[in-house]
Amino acid sequence: MLTILHRFSFLILFFCVSCCASVKENAERQDSQVLKDLKVLSSDEYEGRKTGTAGAEKAAAFIADRFKSLDLEHFPQGEDYIQTFQFDDKEGTSYSGKNIIGYIPGKLKEVLVISAHYDHLGKVGDSIYNGADDNASGIAALLQFAAYFSENKPNFTIVFAAFDAEEMGLRGAKAFVENPPIRLDQIKLNINMDMISHNDKNELYVCGTYKYPQLRRYVEDIKDEVKVKLLLGHDDPSTGHDDWTNQSDQGAFNAKDIPFLYFGVEDHKDYHQPSDTYENINPTFYVEAVDAILNVIRNIDNKFSSQIQIDKNKVM
């Protein structure tokens, strides 16, 4: 009897250890992938990803291929996930930009748009502005979230938007909201990421709750569950340049009165410098920042979507 009991106990212990090891290995694989993607996109091979260059074309193809491998759906006007747009810069030079847009259908028609820009400053003379933090970090996180929700069906329909030409005046995001693949009134929230991998104080700012205080709870709910310091701020219009509301792609959504949450770090010595390379990010901070943002998104997908469903039932 004791022998059978001991064997049974051993099997339970083995099963628990195996499960824990499997979860840990899966997390490590995900961490490895997000760092690998950041490293690839910020490598010299992509030549700083300036809009209209071969490096930007290569980055667009990389993202579109990943969307395809994850079986994301694409909109009819976006062949192979790519939606082109035209614009002129301040000097009158014409450019053709490329947004990469895919989506995962949810249980609701209401939409979350998760976004990040993939362009950067390109080459200046002999220097390559790789843009590891700005913003290969946001794109690698976006790909991580697309992988997660492709395996875990969301409540909201989630649109994943990799925007071009942010560095030239939020051009890709503006093109998206001016010619949206879905009705703007379906978009309940934009979650934007721009510079999330380089901070020595373990601080990640969340901008947007000043104008949209109803979003505060979705961040505060999970603050104690994550390893980075999630700080609300940089969104008070009275603070001038310290107000980030319109300083990245969320600004295009804000202009259409679409609520937003923007995740980013404060400027650092490598901001818009050739030294913004993979070697100068904070890998541990970055992985934990990606995890924190995913936790916020999951919280929104669970609780915010439930509130929308309740409100619909009240109307009915």
Side-chain angles (χ1 to χ4, degrees), residues 15-16 18-38 62-75 78 81 100-116 137-162 181-182 186-193 196 204 206 215 217-228 230 259-263 286-310 312:
F15 178 76
C16 291
S18 298
C19 286
C20 291
S22 177
V23 169
K24 182 178 179 182
E25 288 170 5
N26 184 56
E28 288 174 349
R29 281 197 300 272
Q30 290 177 336
D31 293 351
S32 174
Q33 187 62 55
V34 77
L35 287 169
K36 179 181 177 182
D37 288 341
L38 193 162
F62 178 92
I63 298 162
D65 286 347
R66 183 64 63 79
F67 279 11
K68 184 176 182 180
S69 73
L70 294 171
D71 292 325
L72 267 62
E73 309 238 0
H74 63 80
F75 293 102
Y81 306 103
I100 302 90
I101 311 294
Y103 73 97
I104 296 174
K107 300 170 186 176
L108 301 172
K109 291 183 179 180
E110 286 80 5
V111 172
L112 298 182
V113 176
I114 300 176
S115 62
S137 66
I139 289 294
L142 183 143
L143 294 175
Q144 182 93 323
F145 301 154
Y148 175 84
F149 284 107
S150 68
E151 295 183 357
N152 300 273
K153 187 177 178 64
N155 293 308
F156 282 108
T157 292
I158 301 183
V159 172
F160 296 91
I182 47 166
Q186 286 181 267
I187 303 175
K188 299 305 173 184
L189 182 67
N190 169 231
I191 298 167
N192 187 47
M193 299 164 291
I196 59 171
L204 182 68
V206 190
L215 299 176
R217 59 174 290 206
Y218 302 108
V219 179
E220 292 182 335
D221 281 353
I222 59 92
K223 270 187 174 182
D224 295 334
E225 300 174 17
V226 298
K227 296 181 179 179
V228 299
L230 287 176
F260 69 90
L261 288 177
Y262 161 60
F263 293 85
Y286 176 54
V287 168
E288 291 172 353
V290 171
D291 179 68
I293 298 169
L294 178 57
N295 271 276
V296 173
I297 296 171
R298 290 171 56 195
N299 197 31
I300 289 168
D301 188 53
N302 291 328
K303 294 181 179 178
F304 188 22
S305 65
S306 296
Q307 186 59 51
I308 286 175
Q309 195 62 49
I310 289 170
K312 278 184 175 181

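- Distance NE2/His74 to CD1/Ile100: 14.0 Å, rounded to 0.5 Å.
- Looking at Phe75, Tyr103, Phe67, Phe62 one by one, the single match for ring-ring contact (aromatic ring centres under 6.0 Å, His included) with Tyr81 turns out to be Phe67.
- The shortest non-hydrogen separation linking Ile104 to Pro154 is CG2-CD, 3.8 Å.
- When all heavy atoms of Ile139 and Ala116 are compared, the closest pair comes out as CD1-O, 3.6 Å.
- Arg298 places none of its side-chain heavy atoms less than 4.5 Å from the side chain of Tyr218.
- Between Ile293 and Met193 there is a side-chain heavy-atom pair separated by less than 4.5 Å.
- You'll find the side chain of Asn192 stays beyond 4.5 Å of the side chain of Phe260, heavy atoms only.
- Between Val290 and Ile196, the shortest heavy-atom distance links the atoms CG2-CD1, 4.4 Å.
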Ser115 and Asn190: CA distance, side-chain angles, deciding distance, side-chain hydrogen bond (donor to acceptor under 3.5 Å, both in side chains) verdict: CA-CA 7 Å; Ser115 62; Asn190 169 231; 3.0 Å; yes

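- Between Glu110 and Ser305, the closest side-chain pair of non-hydrogen atoms is not below 4.5 Å.
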Residue pair Leu294, Phe149: steps toward the side chain to side chain contact (heavy atoms under 4.5 Å, CB included) verdict: CA-CA 10 Å; Leu294 178 57; Phe149 284 107; 4.0 Å; yes

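- When side chains are defined from C-beta on, Leu72 does not count as touching Arg66, because their heavy atoms never get closer than 4.5 Å.
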Go through Ile222 and Val296 one step at a time and tell me if the side chain to side chain contact (heavy atoms under 4.5 Å, CB included) criterion holds. CA-CA 7 Å; Ile222 59 92; Val296 173; 3.5 Å; yes

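- Evaluated for a side chain to side chain contact (heavy atoms under 4.5 Å, CB included) with Ile300, the options Leu215, Leu112, Asn155, Asp221 yield exactly one hit, Leu112.
- Side-chain rings of Phe160 and Phe145 stay apart, their centers remaining 6.0 Å or farther from each other.
- With rounding to the nearest 0.5 angstrom, the CG atom of Leu189 is 5.5 Å from the CG atom of Leu261.
- Side chain of Gln186 to main chain of Lys109: a donor-acceptor pair is present (N/O by atom type, distance under 3.5 Å, no hydrogens or angles).
- In terms of heavy atoms, Ser150 sits closest to Leu70 at CB-O, 3.7 Å.
- Under a cut-off of 6.0 angstrom, the local environment of NZ in Lys153 is crowded, with over 12 non-hydrogen atoms contributed by other residues, nucleotides or ligands.
- Looking only at distances, no side-chain donor or acceptor of Tyr286 sits under 3.5 Å from a matching main-chain atom of Leu35.
- Other residues, nucleotides and ligands contribute at most 12 non-hydrogen atoms within 6.0 Å of the CG atom of Asp224.
- Lys227 contributes no side-chain N or O that, together with a main-chain N or O of Ala292, makes up a donor-acceptor pair within less than 3.5 Å.
- Side-chain N or O atoms of Asn295 include one that pairs as donor or acceptor with a backbone N or O of Asp291 at under 3.5 Å.
- Residues Val159 and Ile101 meet the side-chain proximity criterion, which asks for heavy atoms closer than 4.5 Å.
- Residues Asp37 and Ala140 share a closest heavy-atom pair of CB-CB, 3.8 Å.
- Between the side chain of Asp301 and the backbone N or O of Ile297, no donor-acceptor pair lies under 3.5 Å.
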